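Keep in mind that this is a model prediction, so the values were computed, not measured. Just so you know, these numbers use all the heavy atoms, side chains as well, and skip hydrogens, waters and symmetry mates. Positions are given from 1, in the same order as the sequence printed here.
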Amino acid sequence: MRRLLAVVAVLLLAGGGVRAEPAGLLALYRELQTAQVNGFPPYEISGSGSAATVSGSILYGDRARLALTLDEANFYLRIDDRGDGEGATPFVTEVAVWFDAEGFPLLGLSERGLKAGVPFAGRMRFYSRASGRWNLVTDQVLPPLDQDLCRTEPQEVDESTAAWEGLGRVVILLPRRGTDLAAWCVGPSPVAGTGMLLAWDRAQGQFRKGRALAGPPPWPDGPAKP
C-alpha cells in the first residue's frame, strides 16, 4: 500500500511541477544517510532485491555478523547486527517509509538493543523531506510515550545520537506490511510488557494513540514475515 501511494503521489506531483522523488526505499535511505552525517546508521547497503548486502558496523567493525531483511515493495528494511562473536549484544535497526497526503516521504528509524532476543532499550526517530530538505520531526509526528505509556522520564533524542547512546524504555516495532506502529515498554519500566498501537493518520501526517496491545510482547524479536 505504501508503494502504491508513493507511485500515485509522485505522478500527481510531477504533473503539478512538484516532485517528491526519489521514491524508492534504498534511494531514500542513501539520500538521508548522506544528508544526516551524524546519528543516522552508517550501514552501507549494496545492490538491491535478493542480491542486496549490508556492511559497515560501527558497533563491532568489519567482523560484525550482519543480516539484512529488505522488502523494497513495502518500503521496509531491517538490519540485524549480531556483533563479532559470542557475548556480543545484538543491535537491530529498522527503517520504513510513509508518504503524507502530498506525497512527501516520512522515513521512520527504529533502533533497539537485545539480550537473549528480548529488547532492553530502544529509540525512534522520524525524518521528513516535506520542506525540500531532510528534517528531524519525531516530536511532530509521534505522541509522547515515555511518561504516558511507560511511566519513565522523557527521553530526548538528539539528531546526532548514534548506536547505544540515548536509548530509552520505549521500543517501537515498524510494520513490514500496513502502516501502524506497535509500541512496547521494556524493563526497567514499571509497566514493562505494556503495549499500544499507534495508528497512522495520513491526512495529518501523524501517528495517533490507538488501542492497547494484548501481551505478551512478540519476543524473541525477529524479522517480520513477508
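- One distance of note links SG of C185 with CZ of R169; it measures 11.0 Å at 0.5 Å rounding.
- Environment of CG in D139: sparse, with no more than 12 heavy atoms of neighbouring residues, nucleotides or ligands closer than 6.0 Å.
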Intermediate values then yes/no, side-chain contact (heavy atoms from CB on, under 4.5 Å), L107 and W134: CA-CA 10 Å; L107 186 144; W134 287 107; 4.3 Å; yes
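- Remark: of the listed residues V170, L173, I172, L145, I172 is the sole one forming a side chain to side chain contact (heavy atoms under 4.5 Å, CB included) with M124.
- Closest approach of F40 to Q33, counting heavy atoms only: CD2-CA, 3.6 Å.
- With hydrogens and angles ignored, the 3.5 Å screen pairs a side-chain donor or acceptor of Y60 with a backbone N or O of T89.
- Distance CG/L77 to CG/D71: 9.5 Å, rounded to 0.5 Å.
- In the hydrophobic clustering of ILVMFWY residues, with side-chain heavy atoms under 4.5 Å counting as a link, V95 and L32 come out together.
- Considering all non-hydrogen atoms of both residues, G187 and A192 come closest at N-CB, 3.5 Å.
- In this structure, OG1 in T138 is found 11.0 Å from CD in E156, a value given to the nearest 0.5 Å.
- With a 4.5 Å cut-off on side-chain heavy atoms, L26 and S48 count as touching.
- Taking every heavy atom of both residues into account, L167 and G113 meet most closely at CD1-N, 4.5 Å.
- Put simply, the side chain of N135 never gets that close to the backbone of V137: no donor and acceptor are under 3.5 Å apart.
- When ring centroids are compared, F75 and W98 stay outside the 6.0 Å threshold.
- N38 contributes no side-chain N or O that, together with a main-chain N or O of Q36, makes up a donor-acceptor pair within less than 3.5 Å.
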Derivation and outcome, side-chain contact (heavy atoms from CB on, under 4.5 Å), residues L142 and Q206: CA-CA 6 Å; L142 191 70; Q206 298 176 331; over 6 Å; no
Step-by-step side-chain contact (heavy atoms from CB on, under 4.5 Å) determination, L25 to L70: CA-CA 9 Å; L25 168 62; L70 178 60; 3.8 Å; yes
Trace of the salt bridge (charged side-chain N to carboxylate O under 4.0 Å, His left out) decision for R129 with E31: CA-CA 10 Å; R129 193 157 56 81; E31 180 184 310; 2.9 Å; yes
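- Judged by distance alone, the side chain of D201 and the main-chain N or O of A203 form a donor-acceptor pair under 3.5 Å.
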R78 and D221: CA distance, side-chain angles, deciding distance, salt bridge (charged side-chain N to carboxylate O under 4.0 Å, His left out) verdict: CA-CA 12 Å; R78 170 175 169 142; D221 189 345; 3.0 Å; yes
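- Rounded to the nearest 0.5 angstrom, L68 CG and S50 OG are separated by 11.0 Å.
- When the shell of 6.0 Å around CZ of R151 is examined, it contains 12 or fewer heavy atoms from other residues, nucleotides or ligands.
- The line from OH of Y43 to OG1 of T93 is 4.5 Å long, rounded to the nearest 0.5 Å.
- Note on Y29: it clusters hydrophobically with L109, by side-chain heavy-atom contacts below 4.5 Å among ILVMFWY residues.
- Counting heavy atoms from C-beta on, the side chains of Q204 and D100 never come closer than 4.5 Å.
- When all heavy atoms of L66 and S57 are compared, the closest pair comes out as CD2-CB, 4.2 Å.
- Taking each heavy atom of L59 and A163 in turn, the nearest pair found is CD2-CB, 3.4 Å.
- Tracing side-chain contacts under 4.5 Å through hydrophobic residues (I, L, V, M, F, W, Y), one reaches V141 starting from L149; they form part of the same cluster.
- Under the 4.0 Å criterion applied to side-chain N and carboxylate O atoms, E165 and R123 are not assigned as salt-bridge partners.
- The backbone N or O of T152 sits nowhere less than 3.5 Å from a side-chain atom of D146 that would complete a donor-acceptor pair.
- Note on V157 and F91: separate hydrophobic clusters, where clusters join Ile, Leu, Val, Met, Phe, Trp and Tyr whose side-chain heavy atoms are under 4.5 Å apart, directly or indirectly.
- Relative orientation of the W200 and F207 rings is tilted, given thresholds of 30° and 60° on the angle between their planes.
- With salt bridges taken as basic N to acidic carboxylate O contacts below 4.0 Å, one links R125 and E111.
- Atom CG of residue L106 and atom CZ of residue F99 lie 9.5 Å apart, to the nearest 0.5 angstrom.
- Proximity of P119 to W219: side-chain heavy atoms (C-beta onward) are separated by under 4.5 Å at one or more points.
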Derivation and outcome, side-chain contact (heavy atoms from CB on, under 4.5 Å), residues V92 and L114: CA-CA 8 Å; V92 174; L114 308 181; 3.7 Å; yes
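- Contact check on R112 versus E94 returns a salt bridge, with a Lys/Arg side-chain nitrogen under 4.0 Å from an Asp/Glu carboxylate oxygen.
- S189 places a side-chain N or O within donor-acceptor distance of the main-chain N or O of C150, the cut-off being under 3.5 Å.
- A salt bridge does not link R65 to D81: none of the charged nitrogens lies less than 4.0 Å from a carboxylate oxygen.
- Nearest heavy-atom pair, L213 versus L197, reported as atom, atom and distance to 0.1 Å: CG-N, 3.7 Å.
- With a 6.0 Å radius and a threshold of 12 heavy atoms from other residues, nucleotides or ligands, E159 has its CD atom above the threshold.
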